[in-house]
Amino acid sequence: MMRRTLVTLAATTAALAAVTVPATATTTAATSRSHQQGAYTLTIHGENAFPESIATDGDHIYTGSIEDGTVYRGRLGVKTLEPFLPAGQDGRTEVTGVKVVGDRLLLAGAFTGRFFVYTKAGKLVASYTVPDTGEKTLVNDEAITPNGDVYITDSLRAVVYRIPAAEVRASAAGRAPQRTLQVAYRLPDYVAGQSNGNGIVATPDGKSLIIGYWYSGALYRLTLADGTVRKIDVPALPSDDGMVLRGNTLYIARSVNNEVTVVRLSHHDTRGAVVAERTYPGADTTTGIAVSGDRLLVTNSQLDAFLYGNPLRSPVFTVEDLPLR
């Protein structure tokens, strides 16, 4: 059933995405990795990995499978990611967006309309479900503001959900609550049947969100104080997937284009200029991106093969580790 649903959606959308919360690597790992010149490849030990998103907390790298919900993890500096949370655990059968904040691991549940908060030890803190409106859903990516609130895109609904910081930080003792995701804002320019709001990041001052639309390639700035949404003056970047913001530099994984586009944002994020477009040998549907020290981590998700049910181009799923510049 899920594969048939994805194949139908794939007739109009070729890939999905997620944003990560990057963090500075530990000194030892960062030093070790910085000595490796150029790009190198990390292997994911999983037959159905299809790694849609990626995140790092400075000690570990995390990714998740949109095929079965397995979460994979590996220490920075190693070249393999191993299963960490098994497929189907806690009803987690699909994973798109992956983020890490403090002692919490956040996982978006894609077409299931679910969202999960875990401790980094793997204990479920809380699970969420989208409101039962009868609409299709694609809980895709998440961003965390400096105060700890979490904002989540739904690519098939013109909304942004919010989870308060207090719920994310709640004790993991006892039975994990099941809650409904609460709509915080509504978004413009949604096209029915397409993957719309996708990658999402919070600005460093915590006052705004930047949201990328996969289908149109537009970037929007959402002001949290009043919910105002304005389009950023920047060339369209179709297949805009996972995004990372460092200062005023936005790194965008563009899945169909198989490249990382680097955009320099103006003051107040009203305009943007494309300053670089990067790819690498073996790039294969680049949907997820994270920054670790002076390195970029990019997923080779093979999502187009997954969506259409085509044979895999490689039986091994990988993540590329690249110099940041």
Side-chain angles (χ1 to χ4, degrees), residues 14-24 39 52-56 97 99 140-146 151 153 155 160 187-189 194-224 228-280 283 285-299 301 320-325:
L16 316 169
V19 155
T20 57
V21 167
T24 302
E52 203 278 337
S53 180
I54 189 165
T56 177
K99 275 227 176 41
N140 205 335
D141 199 3
E142 63 267 45
I144 304 159
T145 56
Y151 292 90
T153 56
S155 297
V160 174
L187 298 175
D189 304 333
Q194 300 293 346
S195 179
N196 294 277
N198 198 321
I200 181 171
V201 293
T203 56
D205 61 11
K207 294 181 179 180
S208 302
L209 304 172
I210 295 174
I211 300 169
Y213 280 30
W214 185 91
Y215 177 67
S216 68
L219 292 177
Y220 293 83
R221 183 190 64 180
L222 189 161
T223 302
L224 294 174
T228 301
V229 182
R230 290 189 172 89
K231 187 181 288 188
I232 297 173
D233 182 10
V234 64
L237 301 170
S239 79
D240 176 340
D241 257 303
M243 303 194 306
V244 174
L245 182 63
R246 279 289 171 266
N248 67 338
T249 302
L250 185 66
Y251 299 88
I252 304 172
R254 297 179 63 200
S255 54
V256 176
N257 299 70
N258 277 323
E259 69 180 35
V260 175
T261 299
V262 184
V263 174
R264 191 69 42 78
L265 297 172
S266 68
H267 188 54
H268 298 311
D269 310 317
T270 58
R271 300 184 308 279
V274 174
V275 296
E277 294 177 324
R278 301 176 55 187
T279 189
Y280 51 90
T285 324
T286 52
T287 55
I289 187 169
V291 172
S292 174
D294 60 355
R295 308 287 295 185
L296 275 177
L297 300 168
V298 186
T299 58
S301 66
E320 203 70 14
D321 190 317
L322 308 165
L324 187 59
R325 297 178 179 82

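Predicted model, so just to flag it, every value in this text is computed and none were measured.
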Chemist: Any chance you could measure Ser53, atom OG, to Ile289, atom CD1, to the nearest 0.5 Å?
Modeler: 10.5 Å

Chemist: Is any side-chain heavy atom of Asn248 closer than 4.5 Å to one of His267?
Modeler: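 The answer is no, as the side chains (C-beta and beyond) never meet within the 4.5 Å cut-off.
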
Chemist: Hey, does Asn196 have a side-chain heavy atom less than 4.5 Å from the side chain of Leu187?
Modeler: no

Chemist: Under 4.5 Å between any side-chain heavy atoms of Val201 and Leu209, yes or no?
Modeler: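 In short, these two side chains do not touch, never coming nearer than 4.5 Å.
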
Chemist: List the atom of Ile211, the atom of Asn198, and the distance in Å for their closest heavy-atom pair.
Modeler: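 In terms of heavy atoms, the two residues are closest at CG2-N, 4.3 Å.
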
Chemist: In the structure I gave you, are the side-chain heavy atoms of Tyr220 and Ile232 within less than 4.5 Å of one another anywhere?
Modeler: no

Chemist: Has Thr153 got a side-chain atom pairing as donor or acceptor with Asp141's backbone, closer than 3.5 angstrom?
Modeler: yes

Chemist: Check whether any side-chain heavy atom of Tyr215 sits under 4.5 Å from a side-chain heavy atom of Pro238, and report yes or no.
Modeler: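 A side-chain contact is absent here, since even the closest heavy-atom pair is not under 4.5 Å.
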
Chemist: Could you tell me the separation between the CZ atom of Arg278 and the CG atom of Leu296, rounded to the nearest 0.5 Å?
Modeler: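 Arg278 atom CZ to Leu296 atom CG measures 5.5 Å (nearest 0.5 Å).
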
Chemist: Testing the 3.5 Å rule here: is there a donor-acceptor pair between the side chains of Tyr280 and Asn258?
Modeler: no

Chemist: Kindly indicate whether the side chain of Leu222, heavy atoms from C-beta on, has any atom under 4.5 Å from the side chain of Arg230.
Modeler: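 No, every pair of side-chain atoms sits at 4.5 Å or beyond.
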
Chemist: Looking at every non-hydrogen atom in both residues, tell me the closest pair between Val256 and Ser239 and how far apart they are.
Modeler: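 So the two residues come closest at N-OG, 3.4 Å.
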
Chemist: Treating Ser155 as the side-chain partner and Ser195 as the backbone partner, does any N or O pair qualify as donor plus acceptor under 3.5 Å?
Modeler: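 No, because the side chain of Ser155 does not come within donor-acceptor range (under 3.5 Å) of the backbone of Ser195.
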
Chemist: Look only at the side chain of Thr203 and the backbone of Ser208, and say whether a donor-acceptor pair between them is shorter than 3.5 Å.
Modeler: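 Yes, because the side chain of Thr203 sits within donor-acceptor range (under 3.5 Å) of the backbone of Ser208.
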
Chemist: Is it true that the side chains of Thr249 and Arg264 contain a donor and an acceptor less than 3.5 Å apart?
Modeler: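 The answer is yes; a qualifying pair exists.
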
Chemist: Of all the heavy-atom pairs spanning Ala39 and Arg295, show the shortest one and how long it is.
Modeler: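 For Ala39 versus Arg295, the nearest heavy atoms are CA-NH2, 4.2 Å.
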
Chemist: Check whether any side-chain heavy atom of Leu224 sits under 4.5 Å from a side-chain heavy atom of Thr145, and report yes or no.
Modeler: yes

Chemist: The test is side-chain contact (heavy atoms from CB on, under 4.5 Å); show your working for Val260 and Ile252 and say whether it passes.
Modeler: CA-CA 5 Å; Val260 175; Ile252 304 172; over 6 Å; no

Chemist: Specify the closest pair of heavy atoms between Val229 and Pro188, including all atoms of both residues, with the distance to one decimal.
Modeler: CG1-CD, 3.6 Å

Chemist: Thr299 and Glu52: which non-hydrogen atoms are nearest, and at how many Å?
Modeler: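 Here Thr299 and Glu52 meet closest at OG1-O, 4.0 Å.
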
Chemist: In chain order, what residues pass the ring pair (Phe, Tyr, Trp, His ring centres under 6.0 Å) check against Tyr251, with sequence neighbours excluded?
Modeler: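 Result, ring pair (Phe, Tyr, Trp, His ring centres under 6.0 Å) vs Tyr251: none returned.
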
Chemist: Could you tell me whether the side chains of Thr285 and Ser301 share a donor-acceptor contact shorter than 3.5 Å?
Modeler: no

Chemist: State whether Arg221 and Asp269 are salt-bridged, where the test is any N-O pair (Lys NZ or Arg NE/NH1/NH2 against Asp/Glu carboxylate O) under 4.0 Å.
Modeler: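 Answer for the salt bridge query: no.
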
Chemist: Determine whether Asp205 and Pro146 make a side-chain contact, defined as any pair of heavy atoms from C-beta on separated by less than 4.5 Å.
Modeler: no

Chemist: Give the minimum heavy-atom separation between Glu277 and Thr261, together with the two atoms involved.
Modeler: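 Heavy-atom minimum between the residues: CG-OG1, 4.2 Å.
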
Chemist: Check this for me, if you would: do Glu259 and Arg254 make a salt bridge, where the nitrogen-to-carboxylate-oxygen distance has to be below 4.0 angstrom?
Modeler: yes

Chemist: Can you tell me how far apart CD (Glu320) and CG (Leu297) are? Round to the nearest 0.5 Å.
Modeler: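 Reported to 0.5 Å precision, the distance equals 10.0 Å.
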
Chemist: To the closest 0.5 Å, what do you measure between CD1 (Ile210) and CE (Met243)?
Modeler: 6.5 Å

Chemist: Could you give the distance from CD (Gln194) to OH (Tyr213), rounded to the nearest 0.5 Å?
Modeler: 13.0 Å

Chemist: Run through Leu237, Val275, Asp240, Leu245 and flag the one making a side-chain contact (heavy atoms from CB on, under 4.5 Å) with Val263.
Modeler: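 Only one option passes, and that is Leu237.
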
